Protein chains: 2
Amino acid sequence: MSPAQLNGSCRLGKEVCIDCKVRFMSICSALEAHELPEFDVLIQRANFAPRAALFAQDQPADAVYNLTEGVVRLYKLLPDGRRQIIGFALPGDFLGLAMAERYGFSADAVDTVSACRLAREEFAHYLDAKPHLLRRLHEYTTHELSLAQDQMVLLGRRNAEEKVATFLVNWRDRWARLTGKAVTVPLPMSRQDIADFLGLTIETVSRTFSRLGKDKTILIVPDGIRVLDPQRMERLAAA
Amino acid sequence: MSPAQLNGSCRLGKEVCIDCKVRFMSICSALEAHELPEFDVLIQRANFAPRAALFAQDQPADAVYNLTEGVVRLYKLLPDGRRQIIGFALPGDFLGLAMAERYGFSADAVDTVSACRLAREEFAHYLDAKPHLLRRLHEYTTHELSLAQDQMVLLGRRNAEEKVATFLVNWRDRWARLTGKAVTVPLPMSRQDIADFLGLTIETVSRTFSRLGKDKTILIVPDGIRVLDPQRMERLAAA
DNA sequence: CGTTGAGTTGACCATCGTCAACAGGAGTGG
DNA sequence: CCACTCCTGTTGACGATGGTCAACTCAACG
């Protein structure tokens with residue numbers, strides 16, 4: 001499947017806002033039941049294969065997305081190719097906050113992704129008519145800003161072990177909010193993705209995982225980890 | 001003057017929104033002329049001596065601030081005392097975006113600071129009645145988020161020289177927007193502040209300044225620098 | 001089976017942090 | 001007016017954390 005070219009069998013008639021599984025985790029929770037049909041006509045379902053691009057940095061920002069399924073990595077590139085992942089988006093997350101002419105970062109699917117696509121202009125006009133939705137969006141944005149500030153502390157002032165532990169704890173908690181608590185934490189993204197998120201190299205991430213594994217702090221399983229010593233893990237993350 | 005204890009001779013009658021020098025650089029630019037008097041009654045002028053705290057992380061967030069004068073450092077502390085400065089605020093900047101129960105970071109005056117203080121609850125209610133102000137605030141927040149994402153790239157993926165150069169270029173440009181272009185860029189904050197903003201130590205910042213000085217890329221002057229080779233500077237910052 | 005790509009591990013090294021000494025200016029008090 | 005302290009910033013020597021380079025394993029896939 002080619003990147004950014006898709007949605008075959010979707011839009012099966014049943015995929016309407018009122019049935020949306022992530023409605024109450026997304027900005028759509030601000031909408032009243034009677035507003036859902038009118039919102040429905042604004043959105044378009046889009047599916048993305050693993051590694052497909054939702055959008056790319058500096059492209060004209062003609063759409064925003066509400067993620068309903070899968071994991072998306074958001075990243076910025078320096079001219080020489082260095083990459084910083086600024087976040088991983090999960091179902092319920094809103095992409096394209098900037099509402100600028102062009103995207104400030106790139107977004108692509110880590111695994112199979114579904115999202116509601118809204119034309120930016122249309123969405124902006126709809127927002128003008130719905131102050132309660134704008135208010136919800138603003139709350140969401142300030143929350144994102146707060147997470148970004150936490151990430152600055154992590155990138156600027158924590159060592160490799162603290163970075164990895166913090167990442168794993170945060171990811172486990174986000175995952176638990178979606179699917180409930182589980183012993184095994186899936187890690188759909190690659191080691192390279194984790195490294196680029198934490199400001200490390202792939203080797204350092206790998207070594208730190210191994211060390212935490214030898215510690216019996218975590219157990220490394222295919223495509224994920226199991227937290228064996230949550231106490232020690234949280235202590236490392238809090239430090 | 002003791003921290004967080006102040007405003008003596010302020011509120012001289014003339015200090016009303018309509019005369020505000022930074023009105024068009026702040027979120028107040030969203031207000032119509034006829035709304036200024038009603039906004040005026042919500043605000044309270046506050047002055048802060050150098051090093052005084054505007055507010056501290058985890059304190060109840062009972063006020064937000066609109067900066068009118070001076071420089072404020074915003075920072076987070078780790079339990080063991082490591083500090084990450086998440087930004088420097090200048091006149092026109094809005095502090096307390098989170099609108100949460102408690103402040104997510106600390107803010108204190110770098111030099112002499114003046115600000116408009118608004119009770120958070122009152123401001124929230126006023127926002128409910130003024131969608132255009134909310135909209136402006138949302139634009140401001142997304143801009144801050146975008147800056148935070150740039151800072152993540154800087155912290156995660158740039159070396160010391162690039163960090164320092166990027167900081168100086170950005171600071172020069174922000175300063176120029178306030179006071180017009182000038183050969184000398186004042187640096188009211190300490191080396192320690194710069195280090196904690198860039199995820200470096202004070203020694204590395206000092207050495208990098210010295211090296212850029214020996215290069216003739218910059219000239220180090222008391223409480224500031226002069227950019228001698230803007231081209232080279234921008235090249236380092238863009239890298 | 002051979003190839004490919006992700007992940008792991010080891011050896012070595014560079015950048016930046018740590019520790020320490022020192023310089024210079026501001027403020028204080030004899 | 002000078003001696004003294006204090007504080008910030010600079011510089012040097014050394015070391016540790018994490019990066020670089022390379023070899024290797026293993027699973028997936030044709």
Side-chain angles (χ1 to χ4, degrees), chain A residues 1 49-51 71 73 78 80-85 110-111 154-168 186-215 218-225 236 239, chain B residues 1 49-51 71 73 78 80-85 110-111 154-168 186-215 218-225 236 239:
Chain A
M1 201 182 282
R51 312 189 59 86
V71 179
R73 67 175 155 249
L78 290 176
D80 63 1
R82 282 175 287 178
R83 183 178 73 153
Q84 178 67 40
I85 291 191
V110 169
D111 51 8
L154 181 139
L155 290 170
R157 287 292 177 233
R158 311 188 95 148
N159 64 29
E161 191 172 44
E162 292 169 343
K163 285 178 175 181
V164 169
T166 304
F167 167 70
L168 290 176
L187 295 174
M189 72 291 287
S190 69
R191 294 287 189 269
Q192 185 66 64
D193 287 338
I194 298 174
D196 286 347
F197 183 56
L198 299 177
L200 298 171
T201 59
I202 186 174
E203 292 94 335
T204 299
V205 170
S206 185
R207 274 187 257 270
T208 308
F209 269 74
S210 299
R211 211 169 324 122
L212 290 173
K214 247 170 246 161
D215 278 350
I218 64 174
L219 178 70
I220 299 166
V221 297
D223 302 314
I225 58 119
L236 284 173
Chain B
M1 202 184 281
R51 313 189 60 85
V71 179
R73 67 176 155 248
L78 290 176
D80 63 1
R82 283 175 286 178
R83 183 178 72 155
Q84 177 68 40
I85 291 191
V110 170
D111 52 7
L154 180 139
L155 291 170
R157 286 293 177 233
R158 312 188 96 150
N159 64 29
E161 191 172 44
E162 292 169 343
K163 284 178 175 181
V164 169
T166 305
F167 167 70
L168 290 175
L187 294 174
M189 72 290 288
S190 69
R191 294 287 189 270
Q192 185 65 65
D193 287 337
I194 298 174
D196 287 347
F197 184 56
L198 300 178
L200 298 171
T201 59
I202 186 173
E203 292 94 334
T204 299
V205 170
S206 185
R207 275 188 256 272
T208 308
F209 269 75
S210 299
R211 212 170 321 120
L212 291 173
K214 248 170 244 161
D215 279 349
I218 64 173
L219 178 69
I220 299 166
V221 297
D223 302 314
I225 59 120
L236 284 173

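So you know, we letter chains A, B, ... as the sequences are listed, proteins then strands, and number each from 1. All figures in this text were calculated on a predicted structure; none of them were measured in a lab.
- Counting to the nearest Å, the P atom of dG7(C) and the CD atom of Q192(A) are 9 Å from each other.
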Any N/O pairs under 3.5 Å between the protein and nucleotides 26-30 of chain D? List them or say none.
none

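- Between I194(B) and D196(B) there is no side-chain heavy-atom pair separated by less than 4.5 Å.
- L198(A) places its CG atom 16 Å from the C1' atom of dT17(D), with the value rounded to the nearest Å.
- As rounded to whole Å, 16 Å separates atom C1' of dG7(C) from atom CZ of R211(A).
- Remark: C1' of dG9(D) and CG of L212(B) are 16 Å apart, rounded to the nearest angstrom.
- Rounded to whole Å, the distance from CD1 on I220(A) to P on dT25(D) is 19 Å.
- Each of R157(A) and S190(A) lies near DNA chain C, and the nucleotide nearest S190(A) is the one positioned closer to the 5' end.
- If you run side chain to side chain contact (heavy atoms under 4.5 Å, CB included) between D193(B) and each of L187(B), L198(B), I85(B), V205(B), only I85(B) comes through.
- Under a 4.0 Å N-O distance rule, the pair E162(B)/R82(A) qualifies as a salt bridge.
- Taking atom CG of D196(A) as the reference point, atom C1' of dA6(C) lies 14 Å away to the nearest angstrom.
- If you take CG of D80(A) and P of dG19(D), they are 15 Å apart, rounded to a whole angstrom.
- Residues R158(B) and Q84(A) have side chains not in contact (no heavy-atom distance under 4.5 Å, counting atoms from C-beta outward).
- A distance of 11.0 Å separates CD1 in I218(B) from CZ in R211(B), rounded to the nearest 0.5 Å.
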Just the table, please: protein N/O against nucleotides 11-16 of chain D N/O, every pair under 3.5 Å.
from: dT11(D); atom 1: OP2; to: S210(B); atom 2: OG; distance (Å): 2.3
from: dG12(D); atom 1: N7; to: R207(B); atom 2: NH1; distance (Å): 2.8
from: dG12(D); atom 1: O6; to: R207(B); atom 2: NH2; distance (Å): 3.4

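- Between the T208(A) side chain and the T204(A) main chain, a donor and an acceptor come within less than 3.5 Å of each other.
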